[in-house]
Structures are given as C-alpha cells and as structure tokens.
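Below: the structure, in structure tokens.
Numbers restart at 1 for each chain; the letters A, B, ... are given by sequence-line order, proteins then strands. The figures that follow rest on heavy atoms only: side chains count, while hydrogens, waters and symmetry mates do not. Everything numeric here is computed off the predicted structure, so don't read it as measured data.
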Amino acid sequence: MIAVDFETYYSRAHTVSDHGPWAYAHHPDTDIYMVSVRGEGMDYVGDAAAFNWPTLAGKDLVSHNAAFDATVYQAGVTRKMFPAFTPRSWSCSADLAAYCGLPRALADATEAAFGEKVSKLMRNWMSGKRWADAVAKGKDKELLAYARRDSELCLKLWTEHAPLWPAHERRLSAHTRALIWRGVNIDTDGLKAGMDTLRAAKDAAAQGIPWAAGGEAVLSLAVLRNYCRTVGVPAPASMAKDSEECVQWEDQYSEQFPFIRAIRDYRRVNMLLRKFEGIERRVREDGTMPVNLKYWGAHTGRWSGDAGVNLQNLPRGEMYGANLRPLLRPTPGKVFVIVDLSQIEPRVLSWLADDMGMLSALRAGMPLYEAHARATMGWTGGKLKDQNPDLYRLAKARVLGLGYGCGAGKFKSVAQAMAGLVLGEDECDKVVRAWRRTNPDITAYWRALDHQLAGASTRRNDFLYALPSGREMRWTRPGPDPEDPHRMIAGTVKNGPRSGTWGGKLCENVVQAVARDVFADALLRLEAAGLPVIWHVHDEVIIEVDTASGAEALAETIRILSTPPEWATHLPLAAEGSVENAYTK
DNA sequence: AGGATTAGCGCC
DNA sequence: AAAGGGCGCTAATCCT
C-alpha cells in the first residue's frame, strides 16, 4: 500500500468548499505544487510534476480523502502536469477512520488512534501562499516535512486499521467515489430561471423588513428585538418555525406587522437561492454536477451530504415559485428509475423487537400502518387508508413518532410534521400512554438497551452492540451525566463529545444503522446487476438507464431492494418506485 | 480577523 | 421518571 498526499494552493477567497472539490481541483488558480508518496519502499516528497507517476501503475494507493486527492490527480492529468496511469486501487483512509469510529480529519484521527497530536499550523500558514513564497520565507524544509508526515500518518492509519474494515464496506466507500465522479445532469436553463424567480422573491422579502435597507443584519434576533421594542410589540424568545410560542406570536401580530412574515420568507428564500447558486458553481462543462456524498457521514453508518451542496435535503416541492428537484434530470436518451424501501425503519424495529404480530401481518402483505391500527387501535374495518384516512394518518404518526421513546410534548410536533395532524396536549399524552401499553415488545427492547448501556457504564467499557449484519456499533465512555446523575451520557466518536443517551435513543440509532446496512447491501447488488446508481438518499436510489430499458430496470430494482440481505432473511421488506424524466417526490 | 458555535431550516 | 434520531448549510454571533 502506498500513501499519496497532494498539497495545493488555497486562500480565503479560493477554497474547496466554495467551488466543490472538482471545480477547485480544475481551477487554474489551484497550483498543485507538492505531492508526498510513501510506502513499499517509496519515500518521495516534492514537486508533484517531477514525480515519476508511472511507477504507481498497478499499485494499491491510499489517500486521506481519496475523493479529493484522486480528483487533484485527474485535474493534473487534464492540465498535462502528470502522465495518466492506472493504479490497481485508490482507497480512502478518512472513510476507514469514520468506519472505525475515529474522527475524520487526519490530525484528529491520528490523535484519537495513536495519541499523537500533530499540528496543522504549516498548512494554515500556507493560506494564500505558493511554493515560491515558502521558499522565499525559508519555510520550504518545514513544508516538505509537513507533507511527508501527513502521508506517513495516512499510511500508519491504514496499516493499523484497514484489517478491521470489511470488504463490502470498502466496496461501498469506492462506490461512493464512483458516484461523485459520475455526477448528475443538471437543467442549467431551469436553474437560471429559478434563480431569477428566487432573487425577485428575496428582494420582495427584504422590502418588507424595515431595517434591511439600512444595512443591519437582516436576520439578527437582537436587531429584531430592538425593533420590536421601538414599535411596541413583544418579541419571541426564538424564531424557530416549530416553536409554539413563535407560532402564536406570528398568528397574533403578523397581520399588523408584515415584517414578521418577511423575516421568515427572507431566510427561507435566501437559503434556497444559495442552494441553486451552489449547484450552478459546481456544474461541469458536460452539464453534470458531481454528486458529493460522504461515506459513513453519520455514526450510524448512513451517508451524509458533503462539499457544499447536500443532495440529501433538497426541498420536496415548489418553494417561492422555484422547484429544485426536477432540475436534476437524466442525460438525454435516458430516464431515472427512482425506488425506495417502504417504511424501512418501522419494519426493522418490529424485526429487532420480535413484534411477531406485526411481522406476520407484514409477511401477509398488509400495509404497515393498517396493521398497526388493527393490532393496537381497534380498527376492524377494511382498507384503512381508503375507509378512514384520519385514523390512517394517526396510525402513521404513531408508528413513525413513538417507536423511539418520545414523550407527549415531542409527539405533538412530530405528529404535525410527519402526518399533518394538529393534536392537543392531553390527547398526545393519552396516545403516548396507550401506544406504550399496546407495544410491549418495543418498550421491552428500549429497556434491554438501557440495561446493557448501564452494564457497560458500570464496567467502564465502551458500549458495544452487535448488529445483525455482523458489524458492531460503539458508544464511547458511557456514564452518568455529571449535571444529572440519573441520566446517562455517551459519545459516538472516539474522543468526541458525549450527550444524553438512553434506551429510546439507542433504539433509534440501532434501527437507523440496521436500515442503513439493509440499504447498503442492496446498493452493492444493484451495482453488481449493472444498474448504475446516480445517487441515493438514505432509503431511496436514483438509477439512470436508457429510456427503452426503464420498465425492466424498475422491476429489477424493486426486486433487488425487496430482497433482504443474507443476514436478514426473515425481515419483511417492500420497495416501490417509478420511471421518471426528472427527480421528483 | 478567523475559527467555532448557535439558530434556523431543509431532508430521511 | 423521562427522554425521538440522523445529517449539512447559511447567517449571525461568540470566542480567542
């Protein structure tokens, strides 16, 4: 294994996060001035263009953030700095670190793994400077040593931890990089039109905010409070959209004071506009945008968004006259096949908690929310969704909201957000009590997790929990909360912060992790079946195929996603989807 | 001044 | 006894 680490020019105004890694690496200002290559007898640090690249042909390479280093290398080839060569593999030690429960950043990962604290001062000093500046200031030796040390740490991290990283997870990490480079086609005309609409909406919102023209921070809560005082209106403690107090405040005063609505409009429209702009900056010459997903972005193993544009939280419909999702389109002559795992988390929860009643209903093909209503809400009629839509929505809210221990207060907002239900305080309390009484398998599962956490805490061990896939989840340093010894805290990353942890929360983490493993297993089978995944969002895949094979690909994708992994043969899964000419939902 | 944190908001 | 969770990004603010 050979570690490869590039050093490239950056400054305050020229960063990876502004452009995204691809555009940054290919930008003419990005001077690729140094590379460090270590391992298998190689120990090179110096001018990247002077390195004998073909010696790496057929070799196994590793970089810390391989998506970045491999992109920089590609940019160097495009700019005729380097000759093209093909390594056998190019792995990512940052992905490995994340899998192992270490922090992602190299300095933090090595500190957590080896207790070695390394300084990033040299790297910071290089902000806005090039190789010639380092030479002129007599810092060249230090810079070379810094780059050499980083590749050494990357190699050490790999050598000591890679044996813990299973082959299927390595394939998922590599698959994620393939998605990044493959990218998604963007309707750039639609993007521009949307931005015009949003800019107009933003200007309109700013017109309605009295202090906006004066140059004061438009969204500042402090400025808002001041203004409220001058016009004699009370000010809310928070402007959060789901804060009860704030909702009432808005209801009461927004007629009389239009600036109240304008603040919220301004914030939301501006965030959406920034998202459009971020996508526009990342579109490549061929009209595609790299799909920046981060392997193991969450400690549950889920992927997260990355690199400036998060494809996992695109708005689902039109906002302020602009609709972003449909601007992600198949390349001409192709279609999207979009399929998701139906109610994957409640299915996994029933399976983990051995809720036999629910499991047999699901195996018989009954819709999940209806099965819940029959088992615990007294429904004895026919198809619930058609015959009693209100009860169906309540069943959905109960299933999605109550499986992880939330109380009445939280359920109130969960029910509204997930099922559009407006329930009273007392009603929520009753629902929570009744749900817990009639779902003893799940509440027993919370208690079992609570008990195991307490056991690990007593033994002063990390809390380890074996998942059905064979991987082990880890919560670090469990123990009583110093501020409230009746509560427990634990961490999710080695050396990371600890936070409140109890059975319901552990249950949620485990369910999310198992659902992720189910989905990840299907991703590899999709790729093996030759179905090219363009990107994915937790339980949803977007595949691009020739228009003519859309229907066939849809059936095959649904079949693959509905088939459980080998380690979960009795988990009842379902998947649904459609063939589309743009991203939707 | 620049990095870190918080508040708010989008999604699953 | 009670307690939903997981993310990333922008703007504002805090902190060094």
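- A salt bridge does not link A:D426 to A:K430: none of the charged nitrogens lies less than 4.0 Å from a carboxylate oxygen.
- With distances taken from any side-chain atom of A:R267 to the nucleotides B:dG8, C:dC7, C:dG4, the minimum falls on B:dG8.
- Picking from C:dC7, C:dA11, B:dC12 the nucleotide with the shortest atom distance to the side chain of A:N270 gives C:dA11.
- Between the CD1 atom of A:I263 and the C1' atom of B:dC9 there is a distance of 15 Å, given to the nearest Å.
- Listed pair A:K275 / C:dT10 fails the phosphate criterion, with no side-chain N or O lying under 4.0 Å from OP1 or OP2.
- Closest to the side chain of A:R487, out of C:dA2, B:dG10, C:dA11, is C:dA2.
- In terms of polar N and O atoms assigned as donor or acceptor, the side chain of A:R302 comes within less than 3.5 Å of the base of B:dC12 in a complementary pairing.
- The side chain of A:M271 lies closest to C:dC9, out of C:dA11, B:dC11, C:dC9.
- Residue contacts shown for A:D306 are limited to sugar-phosphate atoms, with no base heavy atom under 4.0 Å away.
- Put simply, A:W502 does not rest on the base of C:dA2: the two rings are not both less than 5.5 Å apart at their centres and under 30° in tilt.
- A cation-pi contact, defined as under 6.0 Å to the ring centre and within 45° of the axis, is absent between A:R498 and A:W475.
- Listed nucleotides: B:dG10, B:dC11, C:dG5. Nearest to the side chain of A:R316: B:dC11.
- Nucleotide C:dA2 holds its P atom 17 Å from the CZ atom of A:F411, rounded to whole Å.
- Contact annotation for A:V511: no contact, since no heavy-atom pair falls under 4.0 Å across all strands.
- The side chain of A:N310 sits closest to C:dC9 out of C:dC9, C:dA1, C:dG5.
- For the pair A:H486 and A:T492, both in contact range of DNA chain C, the more 5′-proximal nearest nucleotide belongs to A:H486.
- Using a cutoff of 4.0 Å between basic side-chain nitrogens and carboxylate oxygens, A:E540 and A:R316 are not scored as salt-bridged.
- A:K505 comes within contact range of the sugar-phosphate backbone alone, with a heavy-atom separation under 4.0 Å but no base atom that close.
- Here A:R268 does not reach the OP1 or OP2 of B:dG8: none of its side-chain N or O atoms lies under 4.0 Å away.
- Counting non-hydrogen atoms under 4.0 angstrom, A:G401 reaches nothing in the nucleic acid.
- Mapped onto DNA chain C by nearest heavy atom, A:V309 and A:Q312 fall at different nucleotides, with A:Q312 at the one closer to the 5' end.
- Closest to the side chain of A:S304, out of C:dA12, C:dG8, C:dG4, is C:dG8.
- Nearest nucleotide to the side chain of A:N313, out of C:dG8, C:dA1, C:dG6: C:dG8.
- Here C:dC9 presents its P atom at 17 Å from CZ of A:F276, a figure rounded to the nearest Å.
- One interatomic measurement links the two molecules: NZ of A:K294 to C1' of C:dC9, which rounds to 12 Å at whole-angstrom precision.
- Closest contact between the side chain of A:E508 and the listed nucleotides B:dC11, B:dG10, C:dG4 involves C:dG4.
- In this pair, A:W296 and A:Y99 present their aromatic rings perpendicular. The plane angle is above 60°, beyond the 30 to 60° band.
- Ion pairing between A:K129 and A:E7 fails under the 4.0 Å rule for side-chain N and carboxylate O.
- Here B:dG10 is the nucleotide among B:dG10, C:dG6, B:dC12 with the atom lying nearest to any side-chain atom of A:P315.
- Here A:G405 lies in heavy-atom contact (under 4.0 Å) with a base.
- Here A:R516 does not pair with A:D539 in a salt bridge; the nearest charged N to carboxylate O distance is not below 4.0 Å.
- Between the CG atom of A:L272 and the P atom of C:dA11 there is a distance of 13 Å, rounded to whole Å.
- Contact check on A:E277 versus A:R274 returns a salt bridge, with a Lys/Arg side-chain nitrogen under 4.0 Å from an Asp/Glu carboxylate oxygen.
- Per the geometry, CD1 belonging to A:I442 stands 16 Å off P belonging to C:dG4, to the nearest Å.
- Backbone-only contact: A:R325 has heavy atoms under 4.0 Å from sugar-phosphate atoms and none from a base.
- Distance A:L314 CG to B:dC12 P: 9 Å, rounded to the nearest Å.
- Rounded to an integer number of Å, the gap from CZ of A:R516 to P of C:dC7 is 13 Å.
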